Each structure stands twice: as structure tokens, then as C-alpha cells.
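Naming convention: chains lettered A, B, ... in sequence-line order (proteins, then strands); numbering from 1 in each chain. These numbers were taken from a predicted model, which means no experiment stands behind them.
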There are 2 protein chains.
Amino acid sequence: MSGKKDITIVDIARELNISISTVSRGLKDHPDINKDTRQKIWNKAEQLGYTANIFASNFRKKKTNTLGVIIHRLHGYFISSLLDGMEKVANEAGYNLIISQSRESYHKEMANAKTMLANRVDGLLISLAYDTESLAHIEPFINKGIPVIFFDRVFENSQGVSVIIDNYKNAYDITKHLITEGCSKIMHITACLKRNVYAERYRGYRRALEDYNIPFSDDMLILNDMNPQDGIAAAEKILQMENRPDGLFIAEDENAAYCMHHLKQNGVRIPEDIAIAGFNNDPISRTVDPNLTTVNYPAYDIGAVAATSLISQLNGASSVVQVMNKIVLKSEVIIRESSRRKK
Amino acid sequence: MSGKKDITIVDIARELNISISTVSRGLKDHPDINKDTRQKIWNKAEQLGYTANIFASNFRKKKTNTLGVIIHRLHGYFISSLLDGMEKVANEAGYNLIISQSRESYHKEMANAKTMLANRVDGLLISLAYDTESLAHIEPFINKGIPVIFFDRVFENSQGVSVIIDNYKNAYDITKHLITEGCSKIMHITACLKRNVYAERYRGYRRALEDYNIPFSDDMLILNDMNPQDGIAAAEKILQMENRPDGLFIAEDENAAYCMHHLKQNGVRIPEDIAIAGFNNDPISRTVDPNLTTVNYPAYDIGAVAATSLISQLNGASSVVQVMNKIVLKSEVIIRESSRRKK
DNA sequence: TTTAATTTTGCAAACGATTGCAAGAAATAG
DNA sequence: CTATTTCTTGCAATCGTTTGCAAAATTAAA
């Protein structure tokens, strides 16, 4: 199958008639080794076509140089930007990224965590699944002293650092915006409220309604899985209401876009009849017509900051990092045509 | 830092007063080992909180159970779906995915390939960068017998398997569609023609024009990097032409969406004034107004098939796979409102 | 020249599992 | 009761590097 077997430092040592340890040191320019010897080693390595076996080296050093990433779902612009940021930082720091998805299942998430543990990742980055309600699967990491960073979908009061944005505040602001644009019946479409991101957005929404004395009733909340068909189904549901809302706050742009599109197709004018706001600042929000009011969720930065923070912990966490428990990135409401009702 | 040190099979062996090899075998239910002994081993492992060190095991077995993935860019719906498919297949087969991006740079691609090699991935999945013109960085894999699968951005006449769609045919079909809808001046907006995906689409476009006797001139081709601002810039350029096109074939949906949006904002009617077609069937194509005519590029399947094919090669490539050099997945033009000019 | 200081190199034990081979124990046959 | 066969278990080498410590070689100091 695989051709001739790999060249190792042993081969180099034998050819040069020197010891393995000298080769090992020479290869990494250890000052103990004579310049000429180093050169000879390099030449021979080159000549034999030697490729360092980092794998073996890592084994000996009990370090894998690998960061585990568990995400809820590998889907769409948001998550790919986030991974982009992570990969950039990790790659530059010489770490590899092992990526796996829980597909919103706690079971899968546990299995993935186990695999990561067994594979001895140096650190873990995780965004929780819909139904994760316990961090039992993360504890082994903590116990072994493997740093864990939570991002986006986090757990309140968890050990380890969380990298997030202020979902509550943004939801509050965007709902308030809809209210000040004159909306008096604002519906909220979101996903499983067990997860902080959705729970917080919902809380912000409710609080804004309350602060402005707008009544809320259960039929103003639609829970779904944020799939395309869910957005359309939500629109359909709204179309069939006798007393339609005049404002819509949807927890994700993609879903908002589908919903808005379907509403428009059925004669609803946006924003005149219904003002709409989304969340994430997905590119889709800038290509729908009218452009979608949304919240700028800096996905790339979340990824980059999470990775940076993890790596700095691995490099002997300065006390500053040690103490940190939550990193909240800047984010803000972006008002566009989909919600501008006043001239 | 890290608490107490790991429990190993040595610890289990010592505690149970049996040999290491027995523990090793017992842990994996080797039939040689007595049932009772196996049970004792499992219990003790459980009790001590043992976590198999796959890393060490892999080292000994000279197998990493890891697949390297090098993509051009971690961005957007297309690539995340593709990775989704890969992750699913890989995960189910017990493989980890190490993902890195070349960011469209050959240099980075080479560096990433080197890292993958040094990390002894069992196989490689790669989509080439814009400016990759040689496979020198891939040769070491071939030489070592490490299987390589190219997907999406491939190289003609390469060793290893390619998983792609028929870009030429789809581009031909979609251009032909624009022509039959009555377009007589069709522009093409695409990216670096060095890459097969763009080159083939261009070729299909040109061929269709030719077959239908539509003249082509250099100003009908716009090359850019497929970023949002590029889409807008292209629209701007078109707006300023004295003799505007009546058809537009853009090599990617996201870019098409930006371009179309900007044209619309400047009073161009779609499809009446200009019919537009994209590529990829990105969700964005279904939320823009009018919906975008496009080519269904089954990203998820590409990823899944690429991973499946790689893994089957690792599992002792049946001769069927051995001989395969190119896997072309089904794909087809999806006609929507953005190009429907006839009633 | 001797001795001390410095520079280079090598020995050998890790790292945590796997595995071919052989030996001991138990069961079956003759 | 011995000879076989079948189960179970253990020995020890191995995977490719790293690294503490000691030894050898070279250079500098006296």
C-alpha cells in the first residue's frame, strides 16, 4: 500500500554515524549542537526527504497542538465566519483545529466531547446544542486541567471562559426600535428557549414590551428550529391571523428573510404593514428587499477572541486571563429599511 | 496546572496485579481474555476514571484517524454545507477532521499541506486556492501512499480522485436559458480563470454564445474576487455602460445577489431590463426579489462523497475506487423569476 | 603541561499503548 | 495418568521523538 516506510531521525543518525539525540537537537537548531553538525544534519535530512513526525513528537511531549471545536451546527454564514476567525488565530499560533458538530443533540455533543478527550486535545472550544442542560461531559476536561472556552451558546455560571455578545441588550434595543417606529403588536419568532442566545433575546424582547406598556400574549411567540420551511410556516401562520402583528422580531436573519419573503409574496408590505427585524447581520440581510434591520453579531471576532483566549491560557495563562470568566464583545443594532416606518 | 496525571493501562494492570497486555486486550474485548478478567478490567478502569489515550494508541498503530481538509476559504453557505457533509461522514466512520484554510494563497496552501503531512493525517481532502498552479505540495502525499481527494476546486489531470460537478455543462445550460429567454447581450461576472470552476463556467458560457451566434467581446467579462463590494462595483460598472447588457450570468449567488440588489436600487428592472442568473443555489437565491435563477450545486453531497471516497480508500480501496479518477455529481439549472422574461 | 572551563555529543529512559510469540493453566482425549 | 488441545496470560520489542545527565572532546587559563 504505502510505498517505502518513513524516514526517521534514526535513519539520519545512522547515515551520519552520530547519535539520535544529536540529530533531534540539531534539527531544531539547539545551540548545544555544533554549527557544522547542524548543517550536516539538515543536509542529510533534506537529501533523504525527511519529514518531521510531529505526531510522534507530540506524543512524547504529551501535547497535541490541537484544539477541539464542537459546534451546534455547521451551517450558514454565521458559523463559517466564526470558524474562520478561530482557524486564523489557531493556525497562526501553530495549533490545529479538530471540528465536529453536535447537530443540536446533547448525545452527540457528549460523544464528541469524549472523542476530543480521548484524542487529548490541548483545549476545547464549544457552542452548546439546543438541549444541553448539563455540563457533565465537560467536567472531565476541567478535572484534567484542559481549558475550555464556551462561545455563542453558553451556559450560565459555568466554569471556563465564555465569549458572547449581550443578547439581552440587543434584543431590548431592537424591540424598542420597533416600538418607537410605531409598532404596537410585535411578535417574536425564535428557537428553543433553553439556550441562552434565544432565552436572552426573548428576555430583552419581553422587557422592552413591558417598559413601553405593550401587552404580550402567548400567541405572539413562535418557536421553531430556524429552518427555511420554519420561516415560511411562521409567515403562513401570521397571514392567517385575524389580528395580525405590525412588528416582527425574528431571532435569525436567514429565517427572517424567508419569512419576510413569504409575507411579501402574499401582499404584505414591509415595513408599512409589518416592520421586521432580524439578528446576526448575515449577508442575506443586505440582499433582501427591503434590507433587513438586524443586530451586528461579530461572528469572526467571537471565533478569533475565543481561540486567542484559549491559546493564551495554554501559554501559561497570565493571571488576567485566569480571572476572566466572561468576554462580551461589542455588537449593535443596525437599522435598515425593513423597519423604518417614519419619514 | 493540570491536576493529577492521567490514568493509564499500566495503572490498571498494577492495581489488578495482571499484565499490561492483558489489560490492553481486555479493554477492547479481545476474545483471548477471560470474560471475568475482562469484567474486572472494565470495572477497575471505570473506577479509576480511565480514558483511553487514543493518541498513544494511534502512535503505536501509525494511524492518526484524522483526515486533513484544506479549503480555499471558510466563508458562507456553500463551504459550510460542504464541511457539514464531510464531518458527518468522517465522524460516523470514526475519523477526525482537521480543517485549515488557504485563504486563496498558494503559499498558505503549501504550508498547510506541510503541516498536515507532518501531523501524519491518514488522508487529505483539498480544494485549491485561486493561484495554485502546481501540485508539488501534494506529491509527498502521493509518494507516501496517503490518499488525496480533490473537491470543487480541482486540477485537471491530477493524480488522486476529484469530486466535482459539471461546471461546463451547467454554465452552458444556464447561458442557453438566458438566450432562449431573449437575451442578446449577456455579460459574465466571475473570478480568477485559473481555477477550473471559473474556467469551466466561462467556457460553457462562451460556447453557448457561440452556438447561438451571440457575439462576445472582452468588455462582457468582469473578473473580481466575489466579495460583496465586488458585486456592487460590477453593478456600478454596468450602470455606466452606454450599451447595457440584457443578461447577466454571475458565477456565484452571493455576488449575484449583491449585484442585482444594487442594479434594482438604481432603477433597473429584473428580469425585464436585465435577466440574471447565479450559481450554487445558495439560500440567498431564494430570498432575493425576484428569486434568482441558479445552478443547484450539491455542496453537502460533494463533501459527503469526497469523505466517503477517501475513507473507502483507507479501508483498503476496493479496486473500483482505485480506478476512479473523477466523480461527477448530479447538478442542474434551477430557473426562477430573475430570468423569466417570457410569459 | 596541567587543570579548569566550555563546548559537543551520546546513553538510555521515558511517553502509553499494541502485538507476535511463547509459556502456563485448564480442559479434553486416549 | 500421560498426551493433546484449547484457553488465558505475560514478556518484551516497538512506534519516533525528547531530554536529563554524564562523558568525551576541545579550548582557555594557569
Side-chain angles (χ1 to χ4, degrees), chain A residues 2 4-42 44-45 48-66 94 115 117-122 144, chain B residues 2 4-42 44-45 48-66 94 117-122 144 146:
Chain A
S2 53
K4 41 235 147 183
K5 68 180 191 307
D6 283 353
I7 305 294
T8 72
I9 56 172
V10 180
D11 297 313
I12 299 180
R14 187 174 350 90
E15 293 260 330
L16 251 31
N17 220 348
I18 58 181
S19 83
I20 297 171
S21 37
T22 301
V23 176
S24 173
R25 293 189 176 100
L27 243 18
K28 56 185 38 154
D29 280 332
H30 193 296
D32 269 9
I33 306 301
N34 185 292
K35 262 234 151 138
D36 295 347
T37 314
R38 267 187 267 173
Q39 195 53 54
K40 258 192 302 192
I41 293 173
W42 276 108
K44 185 55 82 178
L48 295 179
Y50 169 76
T51 309
N53 190 331
I54 297 188
F55 190 57
S57 159
N58 284 341
F59 171 57
R60 166 62 219 252
K61 294 195 282 189
K62 303 184 82 172
K63 229 225 167 202
T64 55
N65 256 283
T66 298
T115 304
L117 198 65
N119 276 288
R120 299 293 192 270
V121 295
D122 290 338
K144 289 196 168 199
Chain B
S2 53
K4 41 236 146 183
K5 69 180 188 308
D6 283 352
I7 305 295
T8 72
I9 56 172
V10 179
D11 298 312
I12 300 181
R14 189 175 348 91
E15 293 259 331
L16 251 32
N17 220 348
I18 57 180
S19 84
I20 298 172
S21 38
T22 301
V23 175
S24 173
R25 293 191 175 100
L27 243 18
K28 56 185 38 154
D29 281 332
H30 193 295
D32 269 8
I33 306 301
N34 184 291
K35 263 239 152 130
D36 295 346
T37 314
R38 268 188 265 174
Q39 195 52 55
K40 260 192 303 191
I41 294 174
W42 276 109
K44 184 56 83 178
L48 295 179
Y50 170 77
T51 309
N53 190 332
I54 297 188
F55 191 56
S57 159
N58 283 342
F59 172 56
R60 167 61 218 255
K61 293 195 283 188
K62 302 184 87 174
K63 226 222 168 206
T64 54
N65 255 282
T66 298
L117 198 65
N119 276 288
R120 298 293 191 270
V121 294
D122 291 337
K144 290 196 169 201
I146 300 172

Can you check the [X] [atom1] to [N] [atom2] distance for me, whole Å?
| X | N | atom1 | atom2 | result |
| --- | --- | --- | --- | --- |
| B/D36 | C/dA26 | CG | C1' | 14 Å |
| A/N65 | D/dT17 | CG | C1' | 14 Å |
| B/Y50 | C/dG16 | OH | P | 10 Å |
| A/K62 | C/dA17 | NZ | C1' | 13 Å |
| B/N58 | C/dT19 | CG | P | 11 Å |
| B/K28 | C/dG16 | NZ | C1' | 12 Å |
| A/N119 | C/dG16 | CG | C1' | 14 Å |
| A/I7 | D/dT17 | CD1 | P | 10 Å |

Find out whether A/N58 and A/R120 are in side-chain contact, i.e. whether some heavy atom of one side chain is under 4.5 Å from a heavy atom of the other.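 A side-chain contact is absent here, since even the closest heavy-atom pair is not under 4.5 Å.
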Report the residues that fulfil side-chain hydrogen bond (donor to acceptor under 3.5 Å, both in side chains) with A/T64, sequence neighbours left out, ordered by chain and then residue number. A/D122
Residues which pass side-chain hydrogen bond (donor to acceptor under 3.5 Å, both in side chains) with B/K61, listed by chain and number, not counting sequence neighbours: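 Residues passing side-chain hydrogen bond (donor to acceptor under 3.5 Å, both in side chains) with B/K61: none at all.
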Candidate list B/T66, B/I54, B/N65, test side-chain contact (heavy atoms from CB on, under 4.5 Å), partner A/N119, passing option: B/I54
Categorize A/S24 for me: base, sugar-phosphate, or nothing, with a 4.0 angstrom heavy-atom threshold over every strand shown.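 Base, at least one base atom sits under 4.0 Å.
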Scan B/K63 against the nucleic acid and name what it touches under 4.0 Å (heavy atoms): base, sugar-phosphate only, or nothing.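 The residue B/K63 makes no contact with any strand.
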Mark up nucleotides 4-14 of chain D, 5' to 3', with B wherever a protein heavy atom is under 4.0 angstrom from a base atom, S wherever such an atom reaches only the sugar-phosphate, and - elsewhere. ----BBBB-BB
According to the side chain to side chain donor-acceptor pair (under 3.5 Å) rule, which pairs have a member within residues 21-35 of chain A, sequence neighbours left out? A/S19-A/S21, A/S19-A/T22, A/D29-A/W42
Does anything in residues 8-22 of chain A form a salt bridge (charged side-chain N to carboxylate O under 4.0 Å, His left out)? List the pairs, not counting sequence neighbours. A/D11-A/R14, A/E15-A/K44
Sequence-distant partners of B/F55, ring pair (Phe, Tyr, Trp, His ring centres under 6.0 Å), two or more places apart: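 Result, ring pair (Phe, Tyr, Trp, His ring centres under 6.0 Å) vs B/F55: A/F55.
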Under the criteria of a ring-centre distance below 5.5 Å and an interplanar angle below 30°, is A/F59 stacked with the base of C/dC15? yes
Does A/K61 place a side-chain N or O at less than 4.0 Å from the phosphate oxygens OP1/OP2 of C/dC15? no
